[in-house]
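Predicted model only: the values in this text are computed from it and were never measured.
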Amino acid sequence: QVQLVESGGGLVQAGGSLRLSCAASGRTVSVYGTGWFRQAPGKERELVAGISWSAGNTYYADSVTGRFAISKDNAKNTVYLQMNSLKPEDTAVYYCADQVDSYGLGYPEWYDYWGQGTQVTVSS
């Protein structure tokens, strides 16, 4: 059974940085890509970024372009989200998720397996 475990969340001041990690285990099939989502209280879940495992193609939401960077370590089955210039509106629970088939990184409805999330809080 696929397990995705997020880590690296915490409390940071506005303008600061955090790096999130998503470690995968138990995959029995190849996965097209992994994405990062976030959900703030009272808001819809938002796809933030995604990366394909083979080609390294990336997707970013407009709200984080230029501030966040997604990367991967194939040997460690781990995806990272480097978050810079953080803003209070980035406060949310951040989740990673696998997309098994190649529907496209920017399509949130096609992500299949989910982690439990890690809290990111940005103070003003």
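Under the rule for a side chain to side chain contact (heavy atoms under 4.5 Å, CB included), the partners of S102 that lie at least two apart in sequence or sit in another chain are Y32. Contacts of T58 classified as side chain to side chain contact (heavy atoms under 4.5 Å, CB included), with partners at least two apart in sequence or in another chain: I51, Y60, I70. Residues passing the side chain to side chain contact (heavy atoms under 4.5 Å, CB included) test with D62: none are found, sequence neighbours excluded. Listed by chain and number, the residues in a side chain to side chain contact (heavy atoms under 4.5 Å, CB included) with S63 are R38, E46, A61 (sequence neighbours excluded). With sequence neighbours excluded, no residue forms a side-chain hydrogen bond (donor to acceptor under 3.5 Å, both in side chains) with Q39. Among residues two or more places apart in sequence or in another chain, the side-chain hydrogen bond (donor to acceptor under 3.5 Å, both in side chains) test is passed with S7 by none. In this view, R67 and D90 satisfy the salt bridge (Lys or Arg N to Asp or Glu O under 4.0 Å) rule, not counting sequence neighbours.
Between the CD atom of Q116 and the CD atom of Q3 there is a distance of 9.0 Å, given to the nearest 0.5 Å. Distance OG1/T34 to CG/L105: 9.0 Å, rounded to 0.5 Å. Interatomic distance, CH2 of W53 versus OG of S30, reported as 12.0 Å (0.5 Å rounding). L81 CG to E6 CD: the interatomic distance, rounded to the nearest 0.5 Å, is 11.0 Å. A distance of 10.0 Å separates OG in S52 from CD in Q99, rounded to the nearest 0.5 Å.
By the 4.5 Å heavy-atom criterion applied to side chains, N77 and R27 are counted as neighbours. Side-chain contact between Q119 and L11 is absent, with no heavy-atom pair separated by less than 4.5 Å.
W110 belongs to a hydrophobic cluster with Y103, Y107, counting contacts under 4.5 Å between side-chain heavy atoms of Ile, Leu, Val, Met, Phe, Trp and Tyr, direct or through other members. Hydrophobic cluster membership of L4, counting Ile, Leu, Val, Met, Phe, Trp and Tyr whose side-chain heavy atoms lie under 4.5 Å apart directly or via other members: V2, V29, V100, Y113.
Among residues at least two apart or in separate chains, there is no salt bridge (charged side-chain N to carboxylate O under 4.0 Å, His left out) pair with a member in residues 114-123. Residue pairs that meet the ring-ring contact (aromatic ring centres under 6.0 Å, His included) test with at least one member in residues 63-98, sequence neighbours left out, do not exist here.
Hydrophobic clustering of Ile, Leu, Val, Met, Phe, Trp and Tyr side chains at less than 4.5 Å, counting indirect connections, keeps Y111 apart from V48. Both W36 and V12 are assigned to one and the same hydrophobic cluster, defined by single-linkage of ILVMFWY side chains at heavy-atom distances under 4.5 Å. Under the 4.5 Å side-chain heavy-atom criterion for ILVMFWY residues, no single connected hydrophobic cluster contains both M83 and L47.
Counted within 6.0 Å of CD on Q1, heavy atoms from surrounding residues, nucleotides or ligands total 12 or fewer; the atom is thus considered open.
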Run the side-chain donor-acceptor check on residues 14-25: report pairs under 3.5 Å with partners two or more places apart or on a different chain.
residue: S17; atom: OG; partner: N84; partner atom: OD1; Å: 2.9

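Closest heavy-atom contact between A97 and F37: CB-CE1, 4.0 Å.
Side chain of T118 to main chain of G9: a donor-acceptor pair is present (N/O by atom type, distance under 3.5 Å, no hydrogens or angles).
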